Each structure stands twice: as structure tokens, then as C-alpha cells.
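Here the structure comes first, spelled out in C-alpha cells, and everything after it is commentary.
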Amino acid sequence: MTQISLTFPDGNARSYDAGVTPAEVAASIASSLAKKAISATVDGQHWDLAWPIEADAQIAINTLKDNDAEALELIRHDCAHIMARAVQEIWPDVKVTIGPVIDHGWYYDFDRAEPFTPEDLGLIEKKMKEIINKRDPVRTEVWDRDVAIKYYEDRGEPYKVELIDSIPGNEPLRMYWHGEWQDLCRGPHLQHTGQVPADAFKLMSVAGAYWRGDSDRAMLQRIYGVAFKNKEDLKKHLNMLEEAAKRDHRKLGNEMDLFHMQPEAPGQVFWHPNGWTVYTELQDYMRRKQRAGGYVEVNTPQVVDRKLWEQSGHWDKYQENMFIVEVDEEHAREKAVNALKPMNCPCHVQIFNQGMKSYRDLPLRMAEFGSCARYEPSGALHGIMRVRGFTQDDGHIFCTDDQITAETKTFIDFLSDIYGDLGFNDWTIKLSTRPEQRIGSDETWDEMEKALGDACKAAGHDFEILEGEGAFYGPKLEFTLTDAIGRNWQCGTLQVDANLPERLDAKFIGEDGGKHRPVMLHRATLGSFERFIGILIEEHAGKLPFWLAPRQVVVAAIVSDADDYVLEVVEALKAVGVRAEADLRNEKINYKVREHSVGKVPVILAVGMKEVEQRTVSTRRLGNKQTQVQSLDEIVSILHTEATPPDMR
RNA sequence: GCUGCUGUAGCUCAGUGGUAGAGCGCGUCAUUGGUAAUGACGAGGUCGGGAGUUCAAUUCUCCCCAGCAGCACCA
């Protein structure tokens, strides 16, 4: 028998027969370790305790207690299997498919004629606990392909047969047995079902999901679950979800009276005075930043003849997402087909094309707060984050090939500065590279991708590469924000495009006196005001930075004899540009404080006779129970500073 | 778009085969109260829209619309 040498994390090596399993290795060290062991890490690879090791290797035995990542992966993966087993024990006709581990838990897709109900989830959960309590051993076997296919065909599991077909021929087919129930699975798994903590998982929801993610194929039922190492972690996670629900922009938008939406205009926002204040404040800020950044601002039509869209290629490639406006003779005595613009780029090229441009005009940075309409699929709509009518802080930089890197770097700096001002320091860049379906030569793609990567490096930012995710005409950078509860949102973008200038015949006169094509950089910093404001609301849980807060100060009278002074304070604040309002209602100060706190007003100034006599105010900041007496002059000066946008301080 | 669920007062929600209820909000009156809800009274609803079953539908069935979760989509 060949001997192999296994090296442990402490540096000690031991010799074993080839083909030894980590379970045997653990047992050779201590029986308690053999019991506690959940898996091994062999040469960096997560390894089932039952898989044989054939060659010298680094080995570490993992336990539930000491190895977080491995433990969670195994718990969640075993939960997926246990749930599938539970489902098939309750409803033997249900067909199983796949059940991977995801963030916080797992899901498993089933094919069943009847929908799973919330009550069913309870049943399944109960059955899962029974299975866990049985402490059924988990066994693994490697099967021949033909045997496995025959097995699944006999059992009426077509999805599994299809899965086997898609597994490369040289990969072993592993069958996992959890007691008498088995599943085709890559592994690894726990030693027995009892290693899953029975009180640290929860089934969360059922939803439809396409088989193999393909909308042309069967819709399956997906059950989602979350699982952790212990009850406390589960509880923490559920609390986090509750907190997240509280800062949902749709809920806060209503509570703070920012906007509403209604069925007559699905996916479009009715901005209320409060919400529009945030919007315009943000827009004013962006306008100043763009001016300072060397952009010229333009504005272009909403309704544009289909001819332009045919020329730009949108009519062909994007039509199902466009609002088409047909005018007919019956109501207008003439016929025309237009579309609401789904993007601004073709219109910007029209402006570029007016007059003759010289290389001296480049780079030409053109910006528009461009209102766009896109017919997004109904199921994609989500509050003000994914809408059908929105305004981009759009911009197109017309430049030469060798200006791409510099312009991109300048943009990254520009964006970085703005995100910082708006309170976001945690954001990432993704570089999407050439997709399979594309135009342009490989050399051009090489150059464009390199230009973007070089720009990121020059701006001092790391980036992640999304292979094949670029647009058909060029690579792009995506700037993704992480909000306070860890969700990612793509906001900013920069895309290189040599296609549209070609299609719309944009040109400039070069140094050589000849005509040349400019390249276009499509770029947006916020992305859209709608989405960005939604993110701002959630990031700050409604407590927007003072300069963006729709209602900044309420001056509340404690007794009506203070009313005149309250009005004087309000006027003094308004005079320095602070959004202040008086609350002279016949209500107790407790009531007023509560109401304005709930309404997320950042500053409440309470004023009674004491303040009137001393010409002071009693300042209370949102989220802070303490109050502070300040002179009128002092508070006016402080709030004046705070109300000033960051770029003007 | 697909699967499932939901739609009752401005908001959050209860309820019923015999045309509806709470709390908050709103209005009126009393109360002038010192930092998260003063009290009393009152107004307010074609029970998302349409059709069907029924003596009778907000309630049951079907269709449509919108929302929610997820999937697909986001060149």
C-alpha cells in the first residue's frame, strides 16, 4: 500500500495509506475530533470527510465551532438536501431539481403541480426537524453515468437526467445519501443530518423560478431558506431584515410625504413638494458640479420620430422597451410614428452634428438631465428604484481614441468626489468586457478595455472584471454602491461607444484637415435621480443630510405667547436659506416633538417664554433626546453652514 | 413577461353571502401644556375595475388592472 504524507496546520506531518479519508485521519488524532468533524480542507479545497485522499497534501479538519465559512456552507447545503427530502416524503410526486447555497441560506427548486402554501412551509420545516433529529448518516457514492441516468429515468426525475447530461464526462457523478433519500450532488456534506442545528434555520418564502434560468422553460417553485450556526445568529439575521424593511424607500417615501405612485401611471413618480425639494437640491448640486467639471448642459426632445431610432439602431434592438407614440389621421389628420426617448445619446449626437467640429473642440463633454421613458417589464418595477419614467444625469463625452483613458480617469475622479459628498464611501468598480455578440475587431476591444482599466488604475481604484458583460459596441465601467444594509446598486456607468457615432455619422476635422470619427463615452454619475434618491433614503433611513433634508427645521411654540418670536426665528432662518417652518398649533410640545421626529425633521427648535426673554432657542436634533439652549444668532449661523451644500462650503 | 400572494376610510389593518369596523390622521370645541401621543365630539368608504352564480356579492367564480416576493429582463 502506498503511503502518503499529510501535513497539518501546525506544520506536523503524518503518514497514512493512500486513499485514507479525512474521517479516518480525524479518528486517528482523537475520537472527540472524529465526532466534531464536519469536513476537511485539503490543499485549499473543501473536502468531504468521506472522500479519499490519494496524494501528499496539506490537511485541516474543520469543525462546526472553529470554521465559519465551511460550517455555514455545509449547514446550508445540507439544509437544501434535507428540505428536498422532507418535501418528497410529504409529497412523493414532487420532482427535484437543484438546490444551491446562497447568501444567508439556500434554495431548492421543485416541480409540483400545486403551489406550495405558507402552511406547507410550516409542514416542511417540521419534517426537516424530524429528519435532523434522526441523525441519519450521510453517505457518498460515485456512480457510473449510465446507472445514474437509468436510476433517475426509472424514478421519473427528468431534471436530474438533464443535469447529468450537462456534467462534463470526466467529472465523477457523486450520489449523496441522507438516510434513505439521495441526491446527485458535488458535495461536500456533513457526516449526519443531526449536525445541522435544528433551531437555526427558517424557510422564508416560495417564488417562481425558471428551470436553468431560462424564461422559455418550465417555471418551477423555489423555496428559500436561511440557516446559521446557532439560534442567535438566525435571530440577528431576522432582526436585520426587519430593520431593512423599516428603511424601505417606499415606506419612508410615504411617511415623509416625498412622492407617490398610482395605477394610472405605473412605474412613474408623482413627486410631492418634500420629495421634489430633495430632487431639485440634488439636481442643483449636480449642475454646479458638472459646470465645474467642464460640461456644457443641453436639453433635447422627448418625442422623436422613429426615423432617428431606426438610424440609431434602437428601433431594431430596443423596440420592446420603448413607448411608441402613434398619431393617426382620425384624430390629427396626419400620420406619424414617434417614440418617447428611452435614452439621450442619439439626441446628443444631433447636437454634436450641428456645425462642423474641430479636433480643437474635443473632448466635448455634453450633459443633460435627460428624462427617459422605458417600457420596463411589469415585474421589474420596484418603487422608485426601477421605473418607466426617469431622469438620468446623463452625459456624453465626444473624444478621440487617445483621449479615452484621460477622460475616463477624470470621470472617475468626478464621480468619486460626488459620491463622497453624498455620504457614500463604500463603492466598487466593475469592468465589463467584450460579449460574445459584438461588433468591432479584437484589436479595438483590446485597446478599449485597456483604456478603461488604465484609467481605473490611474484614478487609484481597484476593479473587478465581469467577463463578457460589456455592451455589444464596447466595454463599460459600472459603479456600484453598497447601502447601509449591504445591498449593491449599480448607479454610475461609463461606456465606450464607437458604434453610435458611426451610425449617426458624427465627425470632426482633425489636425490633418481630414474627417474623423469621434468616440462617445456614455456616462452617468448618479444614474437616475429616481434610483439615487431611493438609495439615499434607504442609506440614511430617511434621515437625509441636513442640506438635502426636505424639511430642515421646525420652530415649535410651547405657549402661544411665544408665537411672534417663533415667526421671527423662522424668518431669520429663511433669510439665510434654511428651510424652516413654524409650528404654532395648539398642541403640547411633546406632541409636536413626536410628530416632527416621526417626520424625520433634523432640527426642532422649541421656544417658550424663557427663550423669548433670552432670545434663545432650545435645539433638539433628530435621534438625540438631549436639548441644547443656543442664542438665536448662534443657531442661525450654525444651520446656515449646515444647509450649505458640500461643494459650496 | 412568468409563478405565487395581495387589493376594505388619507395611512396601517380587522371583518362578513343580507350594502361595513378599529387605531392613527383629518375637522370642531375645550385645554397654554417645557422635549416622542391632552380630552370630548364629529365627518369620512360604489370594500381596485368588469362580468357571472345567487332572492341577495365587499364576501363565491372568471377576466382585467395595480402592488408585493422571486425568476427572467436591465442593449
Side-chain angles (χ1 to χ4, degrees), chain A residues 107 109 111-112 114-118 120 204-224 245 248 250-251 254-255 257 260-267 312-314 316-322 342-343 345 374-383 385-388 432 435 437-439 469-474 476 478 490 493 495 497 499-500 522 527-528 531 556-563 584-599 604-611 618-629:
Chain A
Y107 66 76
D109 288 347
D111 185 7
R112 178 187 182 221
E114 298 77 39
F116 289 111
T117 64
D120 290 344
M204 303 299 283
S205 61
V206 193
Y210 297 108
W211 169 235
R212 313 226 97 181
D214 182 344
S215 60
D216 291 331
R217 307 202 60 179
M219 168 79 49
L220 307 168
Q221 295 190 64
R222 175 172 298 178
I223 302 181
Y224 286 90
D248 189 310
R250 293 166 297 189
K251 186 175 150 74
N254 185 21
E255 285 171 7
D257 195 15
H260 85 272
M261 303 175 91
Q262 64 185 52
E264 286 77 4
S312 70
H314 290 95
D316 237 22
K317 287 203 151 68
Y318 203 66
Q319 196 178 146
E320 63 173 22
N321 280 296
M322 288 163 72
M343 38 201 81
C345 10
R374 295 183 187 173
Y375 196 86
E376 299 287 358
S378 56
L381 303 178
H382 178 86
M385 304 277 226
R386 185 87 183 266
V387 286
R388 287 184 176 155
S432 299
Q437 297 226 322
R438 60 177 182 266
I439 57 169
E469 294 290 314
F472 73 92
Y473 50 74
K476 63 179 173 187
E478 287 177 14
Q490 195 223 302
T493 183
Q495 308 185 9
D497 184 2
N499 176 52
L500 201 60
H522 307 255
S528 82
R531 173 174 291 185
I558 295 169
V559 292
S560 52
D561 283 347
D563 285 2
L584 305 180
R585 290 175 307 169
N586 179 8
E587 296 291 351
K588 293 188 174 179
I589 191 63
N590 295 19
Y591 182 89
K592 294 182 181 181
V593 165
R594 176 172 198 281
E595 190 182 270
H596 301 307
S597 300
V598 169
I604 298 170
L605 303 181
V607 169
M609 290 321 287
K610 214 159 49 186
E611 286 75 18
S618 167
T619 309
R620 179 181 167 124
R621 299 270 177 171
L622 183 58
N624 198 338
K625 281 198 196 321
Q626 245 120 50
T627 60
Q628 191 187 0
V629 176

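In the text below, chain A, chain B and the rest are named by the order of the sequence lines, each starting its count at 1. Please read these numbers as outputs of a predicted model, since none were measured by experiment.
Residue A:G383 is classed as a sugar-phosphate contact, given heavy-atom separations below 4.0 Å to backbone atoms only. A:H382 comes within 4.0 angstrom of sugar-phosphate atoms only, judged by non-hydrogen atoms across all strands, and of no base. Among the atoms of the strands shown, base atoms are found under 4.0 Å from some heavy atom of A:K610. A:Y318 comes within 4.0 angstrom of a base, heavy atoms only. Residue-level contact check: A:R438 touches neither bases nor backbone, having no heavy atom under 4.0 Å from any strand. Across all strands, A:M609 comes closer than 4.0 Å to base atoms (heavy-atom distances). Across all strands, A:G313 comes closer than 4.0 Å to no nucleic acid atom at all (heavy-atom distances).
With values rounded to the nearest 0.5 angstrom, A:E320 atom CD is found 10.5 Å from A:E376 atom CD.
One can place CD of A:E264 at 9 Å from C1' of B:rA66, the figure rounded to the nearest angstrom. When rounded to the nearest whole Å, the span between CG of A:L584 and P of B:rG33 equals 16 Å. Straight-line distance from the CG atom of A:L381 to the P atom of B:rA69: 11 Å, rounded to whole Å. Separating the CD1 atom of A:I604 from the P atom of B:rA36 is a distance of 9 Å, rounded to the nearest angstrom. Between the NE2 atom of A:H522 and the P atom of B:rC74 there is a distance of 17 Å, rounded to whole Å. Nucleotide B:rU35 holds its P atom 12 Å from the NZ atom of A:K625, rounded to whole Å. In this structure, A:K592 atom NZ and B:rG33 atom P are separated by 12 Å, rounded to whole Å. Rounded to an integer number of Å, the gap from A:N624 CG to B:rA36 P is 11 Å.
Remark: side-chain polar atoms of A:R222 are not paired, donor with acceptor, to backbone N or O of A:A207 under 3.5 angstrom. A side-chain donor-acceptor contact under 3.5 Å links A:Q221 to the backbone of A:E114.
Checked against salt bridge (charged side-chain N to carboxylate O under 4.0 Å, His left out), A:K610 has no partners two or more places apart in sequence or in another chain. For A:F116, the ring-ring contact (aromatic ring centres under 6.0 Å, His included) partners at least two apart in sequence or on another chain are A:W91, A:F110. Partners of A:R388 according to the salt bridge (charged side-chain N to carboxylate O under 4.0 Å, His left out) rule, which considers only residues two or more places apart in sequence or in another chain, do not exist here. Residues passing the salt bridge (charged side-chain N to carboxylate O under 4.0 Å, His left out) test with A:E264: none are found, sequence neighbours excluded. The side-chain hydrogen bond (donor to acceptor under 3.5 Å, both in side chains) check on A:R594 picks up nothing, with sequence neighbours excluded. Partners of A:N321 by side-chain hydrogen bond (donor to acceptor under 3.5 Å, both in side chains), not counting sequence neighbours: none found. For A:H314, the ring-ring contact (aromatic ring centres under 6.0 Å, His included) partners are A:W309, not counting sequence neighbours. With sequence neighbours excluded, no residue forms a salt bridge (charged side-chain N to carboxylate O under 4.0 Å, His left out) with A:E469.
Comparing the P positions of B:rA43 and B:rG27 gives an interatomic distance of 16 Å, to the nearest angstrom. Annotation: B:rU3 and B:rC62 have their P atoms spaced 15 Å apart (nearest Å). Going from the C1' atom of B:rC68 to that of B:rC55 covers 39 Å, rounded to whole Å. Using atom C1' as the reference point in both B:rG45 and B:rA14, the two lie 15 Å apart (nearest Å). With P as the reference atom, B:rG21 and B:rC26 are 23 Å apart, rounded to whole Å. Rounded to whole Å, the separation between the C1' atoms of B:rU32 and B:rG67 comes to 45 Å. Taking atom C1' on both nucleotides, B:rU8 is separated from B:rA66 by 16 Å, rounded to a whole Å. The P atoms of B:rA72 and B:rU16 are separated by 39 Å, rounded to the nearest whole Å.
For the OP1/OP2 pair of B:rA36 and a distance below 4.0 Å, the side-chain nitrogens and oxygens of A:R621 include no atom meeting the criterion. Dashed line: the shortest gap from a side-chain N or O of A:R620 to OP1 or OP2 of B:rA36 is under 4.0 Å. Not one side-chain nitrogen or oxygen of A:R585 sits closer than 4.0 Å to the OP1 or OP2 atom of B:rU32.
You'll find that the side chain of A:S560 is closest to B:rU32, out of B:rU32, B:rA36, B:rC74. When distances run from any side-chain atom of A:V593 to the nucleotides B:rA36, B:rG33, B:rA69, the shortest one goes to B:rA36. Out of B:rA69, B:rA36, B:rG33, the shortest distance to the side chain of A:N590 is found at B:rA36. Of the candidates B:rG34, B:rU32, B:rG70, B:rG34 carries the atom nearest the A:I589 side chain, counting heavy atoms from C-beta on.
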Could you pull out the protein-nucleic contacts involving nucleotides 23-25 of chain B (nitrogen or oxygen on both sides, under 3.5 Å)?
residue: B:rG25; atom: OP1; partner: A:Y591; partner atom: OH; Å: 3.3

Protein-nucleotides 58-65 of chain B N/O pairs closer than 3.5 Å?
none

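Judged by distance alone, with hydrogens and angles left aside, A:T627 brings no side-chain donor or acceptor close enough to the base of B:rU35 to form a pair under 3.5 Å. The base of B:rA69 has none of its N or O atoms less than 3.5 Å from a complementary donor or acceptor on the side chain of A:R222. No hydrogens or angles were tested; on distance alone, a donor-acceptor pair under 3.5 Å links the side chain of A:E611 to the base of B:rG34. Side-chain atoms of A:R212 stay outside donor-acceptor range of the base of B:rC71, with no qualifying N/O pair under 3.5 Å.
Using a 4.5 Å heavy-atom threshold, the side chains of A:W211 and A:M219 count as separate. Taking the side chain as every heavy atom from C-beta outward, A:I223 and A:Y107 never approach each other to under 4.5 Å.
Of the charged side-chain nitrogens involved, at least one lies within less than 4.0 Å of a carboxylate oxygen, so that A:D120 and A:R112 count as a salt-bridged pair. A salt bridge between A:D214 and A:R212 is absent, with no side-chain N of the basic residue lying under 4.0 Å from a carboxylate O of the acidic one.
Heavy-atom contacts from other residues, nucleotides or ligands closer than 6.0 Å to CD of A:Q262 number more than 12.
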Check your understanding: Dot-bracket for RNA chain B: what is it, with Watson-Crick or G-U pairs under 3.5 Å, [ ] where a pair crosses earlier ones, and | for a pair to another strand?
Key -> (((((((..((((....[..)))).(((((.......))))).....(((((..]....))))))))))))....

Practice item. Using a 4.0 Å cut-off on protein heavy atoms (strictly under), produce a 5'-to-3' string for nucleotides 1-14 of chain B with B for base contact, S for backbone-only sugar-phosphate contact, and - for none. Key: BBBS------S---

Point to revise | Residue pair A:K592, A:E595: steps toward the side-chain contact (heavy atoms from CB on, under 4.5 Å) verdict | key: CA-CA 5 Å; A:K592 294 182 181 181; A:E595 190 182 270; 5.9 Å; no

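Between A:C345 and A:G267, the residue anchored closer to the 5' end of RNA chain B is A:G267, taking for each the nucleotide with the nearest heavy atom.
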